[in-house]
Structures are given as structure tokens and as C-alpha cells.
Amino acid sequence: MADTKVFLLDGGSLVLDGFHIWWNKGPGGEVRFPVYSVLVDHPKGKFLIDTGYDFDHVQKVLPFEKPQQTEQQTIPGALKLLGLEPKDIDVLFNSHFHFDHVGGNKFFPDTKKICHKDELPQAAKCQPFEVLGYSDLAFSSEVAEARGMSDQLTAGQTHDNTKFELIEGDVELAPGVTLIYTPGHTVGHYSLLVEFDTRRPLLLTLDAAYTRKNYENDINAGFHIDPVAGVNSMRRLKEIEKSKDAEVLFSHDPKSFKDYRTGVNFYG
Ligand SMILES: Cc1ncc2c(c1O)COC2=O
Ligand SMILES: [Zn+2]
Ligand SMILES: [Zn+2]
Ligand SMILES: [Zn+2]
């Protein structure tokens, strides 16, 4: 059987203050960090994990994050680089519903979508300090309506073509492709473990650890719903890293991202 391939779809970058990236630690000052999505090209299908941010949304709602994104760093542009279109994706999984992970969901009306069972109701009725994170609601007409923001929906989006299959706990999406439940950053956050025939596994923390510094020092990002759960999730990921001898990739690490394989380069 052909081996699994993992592509990182470069989604451009954003800016946050260092105290948001490393909560209570810093250092402060502007930090420009990468945003990417993950395409797992598996013999059983093409699985897309997250869809980056929508440039217009960030410009309008979070202009202070100074979005930088070329056409090729949109989801359709990144897929086109691989000779693919949104309709070629079999399953779209959102690690969580922060705006920098759902911005391209609207391109997948006919794709099976999956998320954690608690993430959807949380986005529909979130804590006051989560409003910015859960600010792009165009991934779900149900959530947009619940938050009184149906104006964010594009023409043609309905309950039916924005509905999600709900999961809980660790779930195997396909043989060797495991969603690891890592709550803390959000109630329903997931990390991703991909195992291969011909190389060591990849453990993608996604937002359970923005950077290596967060991960190695058990430092939460400034955005979290439960920092104790967040620390426990990082500790669990380190156990998995050890037991699987996995290569760890972080979601928003300016230093590490420079060495990550993006574009047509893949892991596998
Ligand atoms: C990158 C990112 N992730 C989460 C949040 C924000 C971000 O910029 C702002 O408010 C949030 O909850
Ligand atoms: Zn997040
Ligand atoms: Zn309705
Ligand atoms: Zn993020």
C-alpha cells in the first residue's frame, strides 16, 4: 500500500505580543508567527486538518494581528499548488474553532466535517474572553445564528452543508492517523499523530503548544479555557513523543517553521 504523505499548507502569518504566545512568561513585543493547515494524503482518502484564517475577517476584526497572506497561502491556492481542489478532500477535521483554523471551511460545503462534541456548543455560547478566538463563525450556520452573526455566512451556506459529525476522546481517522484529545486551549482541542511505514511518526501539537518553548516549559498560550488541562495535555503529548519516538511539529513557531516541509514538500 502506498505510504501516507503529510503536507503542511502554509497559510501566511499573524502577529501577537509575546505575552499572548507565552502566557505569564513573554518576552513581550511583536512576534510574527506562521499559520498552516495539514493535508494527510492517505491510501484511505485525503484528510484536511484545519483551514487557516480568512484574510478579510482578520483585517476587519483583528487588524492588530497584521495578517500577511498571498493567494497561494489561501486554502484553495495551497491545494492548487498540489494539483488539488477543495472537492478532492474527503474529510475536513477542525482541531478547534479558533478563527485561524476555520477561515477556509466555507470552501468545503460538500465535504464530511468532524469536530469534538463540546467544541461546537462552546463556540455557540463562549466565555467573554473567547469571543476573539471564536470570531469567525462562517464554519457553521448553527453557531453563527446562535451568536447573532449570520451576516458572516456566505450565500449558499446552510445548516446542512455546515454540519459536523461529533467525536470525543482519541479517535483513529484512518489507519495510522490518530486524533489525540488535548483540551485546555479550548474545550474540544485535538492534536494529531500520523504514523508511517517508512519513517518515524509525526506528532503535530496544533494549538496545544504554539512553539517548542511552550511545549518544553509547559507554558500555555494566553488564549485558553483551562490552563491546568493545557499543561496536562502538553505533558501527555511529551509521553506520546517518547513512546512513539515521534518528530514533533508546533502550530505557531516562527523558528521551527523555517525548517518544516511546506508547499510540494511532504513528510512520508
Ligand atoms: C492566533 C490566535 N488564537 C486565538 C486567539 C487569538 C489569536 O490571535 C486572539 O484571541 C484568541 O482567542
Ligand atoms: Zn487556537
Ligand atoms: Zn437556522
Ligand atoms: Zn492557532
Side-chain angles (χ1 to χ4, degrees), residues 8-24 26 28-38 48-69 73 75 93-105 115-116 118-120 122-137 139 143 147 149 179-192 204-215 219-227 229-230 233-234 237 249-254 256-257 260:
L8 304 185
L9 308 184
D10 180 352
S13 63
L14 295 169
V15 166
L16 277 176
D17 181 85
F19 277 103
H20 278 311
I21 295 182
W22 305 289
W23 184 47
N24 281 340
E30 279 201 353
V31 177
R32 180 163 288 280
F33 60 90
V35 175
Y36 65 85
S37 304
V38 184
L48 180 63
I49 290 86
D50 293 338
T51 58
Y53 66 80
D54 178 277
F55 183 86
D56 294 338
H57 170 79
V58 180
Q59 276 290 71
K60 187 172 161 213
V61 176
L62 305 105
F64 47 87
E65 297 213 12
K66 304 178 181 174
Q68 287 181 1
Q69 185 183 76
Q73 291 172 323
I75 280 291
F93 178 79
N94 285 114
S95 64
H96 63 304
F97 287 140
H98 279 168
F99 72 90
D100 57 317
H101 295 261
V102 297
N105 274 44
C115 71
H116 186 277
D118 297 339
E119 189 71 9
L120 207 73
Q122 186 73 19
K125 197 169 183 302
C126 62
Q127 292 290 338
F129 53 82
E130 295 186 295
V131 164
L132 261 187
Y134 291 127
S135 60
D136 183 346
L137 306 176
F139 64 89
V143 170
R147 293 268 302 276
M149 293 157 82
L179 298 169
I180 310 280
Y181 180 48
T182 48
H185 181 63
T186 68
V187 288
H189 184 277
Y190 273 96
S191 302
L192 174 68
L204 295 105
T205 62
L206 304 176
D207 281 10
Y210 278 12
T211 72
R212 179 169 290 284
K213 178 174 159 183
N214 294 87
Y215 183 70
I219 300 171
N220 281 283
F223 313 112
H224 50 259
I225 184 81
D226 177 346
S233 287
M234 283 186 270
L237 289 173
L249 303 182
F250 305 99
S251 60
H252 299 308
D253 190 328
S256 311
F257 189 70
Y260 288 177

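Counting starts at 1 for both ligands and their atoms, following the listed order. Any value given below was found using the heavy atoms of this structure, including those in side chains, with hydrogens, waters and symmetry copies removed.
Annotation: side chain of His185 is in contact with side chain of Phe223 (closest heavy-atom distance under 4.5 Å).
How far CZ of Phe93 is from CG of Leu48: 11.5 Å, rounded to the nearest 0.5 Å. Once rounded to the nearest 0.5 Å, the distance linking CG of Asp100 with CD of Glu65 reads 7.5 Å. Considering CG of Asn214 and CG of Asp253, their distance stands at 8.0 Å, rounded to 0.5 Å. Distance check, rounded to the nearest 0.5 Å: CG of Asp207 to OG of Ser251 gives 4.0 Å.
Legend: residues meeting salt bridge (charged side-chain N to carboxylate O under 4.0 Å, His left out) with Asp54, ordered by chain and number and at least two apart, are Lys106. Residues meeting the side-chain hydrogen bond (donor to acceptor under 3.5 Å, both in side chains) test with Lys66, sequence neighbours left out: Glu30.
In this structure, Arg32 and Ser13 approach most closely via the heavy-atom pair NH1-OG, 2.8 Å.
Around the Zn ion (ligand 4), the protein atoms of type N, O or S that sit closer than 2.8 Å are Asp100 OD2, His101 NE2, Asp207 OD2, His252 NE2.
Residue contact annotation: His185 places an N/O/S atom under 2.8 Å from the Zn ion (ligand 2).
Aromatic pair His101/His252: ring centres closer than 6.0 Å.
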List the steps, then state whether side chain to side chain contact (heavy atoms under 4.5 Å, CB included) holds for Phe99 with Val58. CA-CA 8 Å; Phe99 72 90; Val58 180; 3.7 Å; yes

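Near ligand 1, heavy-atom contacts under 4.0 Å come from Leu16, Phe33, Glu65, His98, Phe99, Asp100, Leu132, Gly133, Tyr210, Phe223.
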